[in-house]
Every structure is written in C-alpha cells, then in structure tokens.
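Below, chain A is the first sequence line, B the second, and so on; all start at residue 1. All values reported here derive from a predicted model rather than from experimental measurement.
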2 protein chains.
Amino acid sequence: MSVRIGKKTIELQNRVVIKGFGSVCGAKESKGPLKDFFDISYDDNKFGKETWEEAEGVLQEKAVNIAIEKSKVDKKEIDFILAGDLLDQCVSSMLGVKKLKIPFLGQFGACSTMAQTILVSSLLVESKAARNAIAVTSSHFCSAERQYRFPLDYGGQRTPNAQWTVTGSGAVLLGEGEKIESPYIKRVMAGTIEDFGVTDSSNMGAAMAPSAASTLKYFFKDTQTTPKDYDLIVTGDLGEIGSKLLVELLEKEKINMGGNYNDCGLMIYYKEEQDVHAGGSGCGCSASVLCSCILKKMKKKELNNILFIATGALMSPTSFQQGKSIPGIAHLIQICN
Amino acid sequence: MSVRIGKKTIELQNRVVIKGFGSVCGAKESKGPLKDFFDISYDDNKFGKETWEEAEGVLQEKAVNIAIEKSKVDKKEIDFILAGDLLDQCVSSMLGVKKLKIPFLGQFGACSTMAQTILVSSLLVESKAARNAIAVTSSHFCSAERQYRFPLDYGGQRTPNAQWTVTGSGAVLLGEGEKIESPYIKRVMAGTIEDFGVTDSSNMGAAMAPSAASTLKYFFKDTQTTPKDYDLIVTGDLGEIGSKLLVELLEKEKINMGGNYNDCGLMIYYKEEQDVHAGGSGCGCSASVLCSCILKKMKKKELNNILFIATGALMSPTSFQQGKSIPGIAHLIQICN
C-alpha cells in the first residue's frame with residue numbers, strides 16, 4: 001500500500017523495481033554527447049517506414065523490446081503498457097505497441113508523459129493490479145514539427161528560444177522485486193496544471209518552469225529534504241531558458257538548486273555545434289535521456305538517489321491558433337538504489 | 001491489494017465506492033430519451049464560450065463539480081483527476097479541469113476513455129495512492145466533427161453507418177468506502193489493441209466490435225460467469241452496426257448476450273426522429289449515459305450488477321488521411337450494489 005506524505009507526495013511501500021530499460025534515438029541525437037549511452041541509434045529518421053508517425057512507432061517498439069529483453073521478464077507476465085507521445089490521439093504509441101498484445105492505457109501529459117507513465121505504472125505494480133508494467137514515450141522531430149509548427153519543406157526559421165524536438169524513445173519495465181533489487185521507485189508526485197498566461201509556443205521552457213518549481217517546492221516540503229540530498233535533480237525538458245527560470249523561481253522560495261541540477265534538454269545535444277537553440281524537448285527527450293545515461297549510471301552506482309521531473313506544455317495546435325495560453329504541468333519520480 | 005483472476009481480470013479487495021457522479025449534455029441530447037436523467041442540459045452548444053474546445057471544457061467542469069457536490073467529499077481530499085476527450089492533446093480536459101488544482105493525469109483511449117479513467121482511478125484509490133479520485137470524459141459534436149471529418153459549415157452529408165458524436169460529459173468521484181456503501185467497483189479489465197484492418201472512419205462500430213468481443217470473452221472466462229449473471233451489459237459506443245456485430249461475434253464463441261445487452265450509443269437518441277443514423281458516439285456518450293440513467297438506476301436498486309464496456313477507435317485524422325487502419329480497444333468495469 002502506498003503512504004501519502006505531506007500534501008502531495010506518495011511513498012511506495014513495496015519494492016517497485018526498474019527491471020529493464022531501453023533507449024532508442026535518431027540521427028541527430030546519435031551525434032550528441034550521449035551517443036554512447038543509447039541502445040540503438042539510427043542514422044536516418046524514417047527507419048524503413050512510409051510515414052513519420054510509423055517511424056516514431058518503431059522507436060517505441062524497439063525501446064520496449066530492449067526493456068523486456070534486459071529484464072528477462074516473460075512477456076505473458078506484463079499486465080499493462082502505459083504509452084504516450086506528442087501526436088494527436090497518441091497515434092505513434094498505438095502504432096508502436098499494438099503488436100505486443102499487452103493491455104494498453106494511452107497517457108497524455110505532453111513532455112511530462114514519461115514521468116506520468118512511470119508514476120501510474122509503479123502504482124499499478126505496487127497495488128498488485130500488475131505483476132509487471134511498461135512505461136514508454138517517444139517523440140520525433142519530423143512528426144512534431146509538422147503538427148505543431150510548420151511543414152518541414154517550408155523551411156521556417158526557428159526563434160532563438162525554440163527547442164528542438166528529440167527523435168527518440170525510452171521505455172522502462174517495472175515489476176515487484178526483492179528488497180535488495182535496484183534501481184527502484186521510492187516516491188512519486190503528480191503535478192497540477194499551472195497557467196501563467198504564456199502564449200508563445202516557441203518558448204515552452206517559460207511555460208513549464210513554474211510547474212516544475214511548484215512540484216519541487218511541494219516535494220521538498222513534504223519530504224523535509226533539500227536539493228543537496230540528491231545526487232541528481234533532472235528536469236525534462238525546460239531547455240536553457242526554462243531551466244534558468246526554474247533556478248530563479250526556486251531561489252525566491254529560498255531553495256538553492258546547487259550543482260546537482262541538470263535538464264534533459266541540455267544534456268542530449270551539443271548546443272553550439274548542433275544548432276539546437278534553447279535545447280532539446282519532446283517526451284522522447286526526457287525518456288531517452290533517463291533510459292540511457294541516467295539509468296545506466298544508476299546501475300553502475302555512479303548515481304544512487306535522483307529526482308526525475310518531466311514537464312509538459314498543455315496545448316494543442318488548435319488552442320494555440322485560437323490564441324489560448326499554454327499551461328504547464330510537472331510530475332516527479334524519485335529513483336533510488 | 002488487488003487480486004488478479006484468470007488471465008486479465010482484476011478484482012478489487014478494498015471497497016472503492018462511487019461517492020458522487022454528474023452528467024451534463026447539449027441541446028440534441030436534452031431532447032432524447034434520457035433527457036430527465038441528466039443533471040444539466042444546455043439548449044445551445046457554446047455555453048457562453050468563444051470556442052467549441054472551451055465549451056467542451058465547460059461540460060467537464062460542470063460534471064466534475066456536480067460529482068464533488070453530491071459526494072460531499074472535501075475538494076482537498078481529492079488526490080487525482082483523470083480526464084480525457086477526443087481532441088488533439090486532450091485539450092478540452094485541460095481547459096475543463098485546470099481551475100480545480102487537483103493533480104492531473106491526462107488519459108487517451110478514444111471513446112473507451114471513460115472506462116479507462118474509472119479503471120485507473122479505482123486502482124489508485126484501492127492502493128491508497130489516492131484518498132479520492134475523479135474520472136471524467138467529454139465529447140462535443142462541433143469540436144469532434146471539425147477535427148475528424150468536415151468543418152460544419154461545409155454541410156457534408158453523413159453516411160448511413162456514421163454515428164453522431166454526443167455533446168456531453170460524465171464524471172464519477174471514487175473513494176474508499178465502508179463495506180455497505182454502493183455502488184462500488186468490483187472488477188476491472190483493461191483491453192488490448194485489436195486491429196482488423198478497418199479503414200472506414202465513418203464505420204467506427206465495425207472497427208471497435210471485435211475489441212469489445214475479445215474483452216467480454218476473456219472476462220466471462222476469467223470470472224466463470226455468463227451474460228445472464230448481470231442486470232445490464234452496456235457497451236459504449238458501438239452504435240447499431242457495431243452492437244449487432246458484437247452479438248454475432250460472441251455467438252460464434254457460444255456466448256449468448258440475451259436481453260440484458262444495450263449500447264450507450266443506442267440509448268441516448270431517438271434514432272428516427274433525431275436523424276442520428278447508426279447512433280451516438282464519443283467519449284462523452286458512454287460517460288454521460290453511465291453518469292445519468294445507469295448510475296441513477298443503480299442508486300435506486302433498479303440495477304445491481306452491471307458491466308460497462310467502453311470501446312475506442314484508435315486513429316487520428318493524420319493516420320486516417322494516410323490510409324492506415326483503425327484498431328479498436330475495449331476496457332471493462334463491473335459495478336455492483
């Protein structure tokens with residue numbers, strides 16, 4: 001049974017272990033600083049498929065299959081797959097996981113979806129509703145850019161505060177484990193929708209930073225901890241502008257993020273050489289960074305206690321065209337060894 | 001703790017009670033056979049808002065507020081809201097529930113979303129991750145028609161097998177209750193994605209019927225029950241064509257659905273007078289029918305043991321334009337007194 005701590009934090013009492021994880025990335029990401037951590041890197045962006053939506057599905061399919069393989073769990077003992085992406089009606093998730101024939105729950109939290117899928121999956125495992133559950137998300141530069149901004153052929157110029165949607169996917173397989181097994185999910189917190197009236201869809205970092213600040217503030221208060229208590233606090237994906245804003249917002253609350261803070265959007269590309277402006281984004285960004293370098297470092301005990309806060313900008317192309325604001329949301333997962 | 005029965009069914013061990021529920025509908029629905037069951041009926045479709053997306057948000061907001069009010073639960077003790085709709089990026093859910101400041105998990109299962117939100121919410125309550133949780137979905141004829149088919153002003157003619165997207169919403173508030181409280185969630189089952197190659201987006205019933213048949217077949221086998229054991233088995237929303245197909249598919253499996261079977265899409269409109277062709281659809285259809293006549297009849301003990309199977313067609317306007325097939329999914333909830 002879960003125990004609620006303070007106002008919003010949920011502490012898991014059973015050992016919900018990350019039994020396997022997989023990460024897959026596209027051509028640009030395979031030339032970035034994390035290139036050696038990805039399980040599969042592609043050197044094109046269609047992966048033999050006709051459409052970008054199907055190609056994005058391939059990313060999920062591969063990431064999930066690697067996670068299952070590494071976990072050594074029998075596929076028949078996986079009771080749920082929670083998947084999401086940025087596309088209308090989560091269509092790439094459906095395309096990616098349909099062959100698996102595992103009960104499917106589509107999740108939508110924009111770029112916060114990886115934390116959301118892990119949050120719900122870990123609670124399903126804890127309650128014994130699932131013996132094992134998979135959490136997976138993806139994004140694809142080409143499918144996202146066409147849907148949210150401009151057709152690629154149009155060659156639109158990107159603003160300096162724009163982020164680059166990552167072509168990638170990450171999947172984790174969660175299951176109940178022995179007390180000594182790790183990494184495991186210790187605590188989770190779901191965020192609320194925060195609307196500060198940002199209407200610039202090229203500046204997602206600013207739209208999402210207040211949500212991350214709110215979630216972290218509640219979490220530190222609930223758990224009576226400070227940033228120093230963690231090896232790494234990683235947001236995904238505030239990018240350059242959003243992550244600076246987050247640090248400032250928390251300073252106002254007398255919370256000093258210190259040197260252990262980073263952002264998945266800043267980790268995945270070489271900023272200057274790869275021309276990504278404010279950094280990476282997309283729910284494949286936080287997922288692929290978590291399931292490559294972060295979890296691999298946890299397995300090696302180079303990291304032992306981390307906070308993963310995925311942030312989402314809740315908008316649709318329609319709401320943006322209607323001039324509506326872009327509210328943010330941020331969910332938090334504490335992963336320990 | 002949940003107990004797994006057979007291959008796929010989950011039986012809840014704690015008493016997860018429907019403490020409150022609310023239903024809201026638009027102008028057409030308020031003239032249908034269920035008119036006296038809805039908590040709020042509107043006589044226009046914009047509800048004072050500028051856009052249809054915002055109007056759809058109003059449906060959710062009102063349905064949730066009624067559910068909270070009826071439940072007499074303190075808003076501060078509601079730990080999650082699980083919401084979904086048919087629109088890109090679940091934008092109406094976000095607009096509808098953002099003011100509530102309750103931790104939000106966006107769900108996407110197309111027209112199956114009401115069963116999905118209840119399924120996850122009830123498991124969160126059972127695991128004590130949530131003291132109370134809200135499950136809500138909506139659909140709106142105008143926002144859905146523009147997004148999936150044609151702009152309304154175009155005046156496109158509908159095919160005889162098309163269903164009419166319901167303008168409506170339903171919300172339930174789930175919380176842990178005493179052993180005598182009812183109605184309560186007894187068992188749940190999440191469905192898998194079934195792809196039979198249907199590509200006609202005007203014939204959703206045919207795309208979804210095999211999923212409903214698969215979910216029901218597994219459930220009857222897991223629980224060693226037959227359709228006769230239930231007061232009502234209600235799908236949402238197979239419409240006229242899909243529900244006939246479901247009965248035929250189950251007959252082949254030697255399962256006779258008998259006289260207790262109905263479909264939310266057939267219950268909500270007068271078929272002839274209201275010119276709805278194959279019936280109602282949309283995740284507001286099953287939600288508003290469940291949260292109006294079905295749960296009100298359960299409160300009066302006219303119904304005591306029901307199966308609610310919401311079915312979804314997993315497609316996006318993009319995947320449809322790309323000529324891709326429309327897979328289906330169906331999740332099941334058993335509600336008892």
**Prompt:** A:Gln89 pairs by side chain to side chain contact (heavy atoms under 4.5 Å, CB included) with which of B:Cys90, B:Ser319, B:Pro317?
**Reply:** B:Pro317
**Request:** Rounded to the nearest 0.5 Å, what's the gap from CD1 on A:Ile193 to OG on B:Ser93? Could you check?
**Result:** 8.5 Å
**Request:** Kindly indicate whether the side chain of B:Phe108, heavy atoms from C-beta on, has any atom under 4.5 Å from the side chain of A:Asp85.
**Result:** no
**Request:** Find out whether B:Asn14 and A:Met1 are in side-chain contact, i.e. whether some heavy atom of one side chain is under 4.5 Å from a heavy atom of the other.
**Result:** yes
**Asked** To the nearest 0.5 Å, how far apart are CE in A:Met94 and CD1 in B:Ile326?
**Response** 9.0 Å
**Message:** Report which part of A:Glu50 has an atom under 4.5 Å of a heavy atom belonging to chain B: side chain, backbone, both, or neither.
**Reply:** side chain
**Item:** Max heavy-atom pair count under 4.5 Å with chain B, selected residue of A:Leu119, A:Val91, A:Leu100, A:Ile81
**Value:** A:Val91
**Prompt:** When heavy-atom pairs shorter than 4.5 Å are enumerated against chain B, which of A:Gly106, A:Ser112, A:Gly84 gives the highest number?
**Reply:** A:Gly106
**Item:** OH/A:Tyr218: more than 12 non-hydrogen atoms of other groups inside 6.0 Å
**Value:** no
**Request:** Please tell me if the side chains of A:Ile329 and B:Phe104 come closer than 4.5 Å, counting only heavy atoms from C-beta onward.
**Result:** yes
**Fill in**
In terms of heavy-atom pairs under 4.5 Å with chain B, the winner among A:His331, A:Lys76, A:Gln116, A:Met315 is A:Gln116
**Prompt:** In terms of heavy-atom pairs under 4.5 Å, which option from A:Leu123, A:Asp79, A:Leu87 contacts chain B the most?
**Reply:** A:Asp79
**Message:** I'd like to know whether CZ of B:Phe220 has more than 12 heavy-atom contacts from other residues, nucleotides or ligands below 6.0 angstrom.
**Reply:** yes
**Request:** Tell me, with the steps shown, if B:Lys99 and A:Asp195 meet side-chain contact (heavy atoms from CB on, under 4.5 Å).
**Result:** CA-CA 9 Å; B:Lys99 276 191 238 157; A:Asp195 189 354; over 6 Å; no
**Request:** For residues A:Ser316 and B:Asp88, report the shortest heavy-atom separation together with the two atoms involved.
**Result:** CB-O, 3.5 Å
**Prompt:** How far apart are the C-alpha atoms of B:Lys101 and A:Glu194, what are their side-chain angles, what is the distance that settles it, and do they pass the salt bridge (Lys or Arg N to Asp or Glu O under 4.0 Å) test?
**Reply:** CA-CA 8 Å; B:Lys101 295 280 173 201; A:Glu194 306 287 333; 3.2 Å; yes
**Request:** Please state whether the side chain, the backbone, both or neither of A:Ile10 comes within less than 4.5 Å of a heavy atom of chain B.
**Result:** side chain
**Message:** Within the 4.5 Å heavy-atom criterion, are A:Val120 and B:Leu105 side-chain neighbours or not?
**Reply:** yes
**Message:** Show the nearest heavy-atom pair for residues B:Lys98 and A:Ser325, with the distance to one decimal.
**Reply:** NZ-OG, 4.2 Å
**Request:** Considering only heavy atoms and a distance below 4.5 Å, find which of A:Ala110, A:Pro327, A:Ala129, A:Gly191 pairs most often with chain B.
**Result:** A:Ala129
**Message:** Within the structure provided, determine whether A:Lys128 and B:Gln13 are in side-chain contact (heavy-atom separation under 4.5 Å).
**Reply:** no
**Request:** Give, as side chain, backbone, both or neither, the part of B:Tyr148 having an atom under 4.5 angstrom from any heavy atom of chain A.
**Result:** side chain
**B:Arg4 side, atom CZ; A:Arg131 side, atom CZ - distance, nearest 0.5 Å** = 5.0 Å
**Request:** Tell me, for A:Gln107 versus chain B, whether the close heavy atoms (under 4.5 Å) come from the side chain, the backbone, both or neither.
**Result:** both
**Message:** Is it the case that atom NZ in A:Lys46 sees more than 12 heavy atoms from other parts of the structure closer than 6.0 Å?
**Reply:** yes
**Request:** Please assess B:Glu54 against A:Lys324 for the test salt bridge (Lys or Arg N to Asp or Glu O under 4.0 Å), listing each intermediate value before the final yes or no.
**Result:** CA-CA 10 Å; B:Glu54 288 173 300; A:Lys324 300 299 166 196; 3.2 Å; yes
**Engaged part of A:Leu86 at the chain B interface, taking heavy atoms whose separation is under 4.5 Å** = backbone
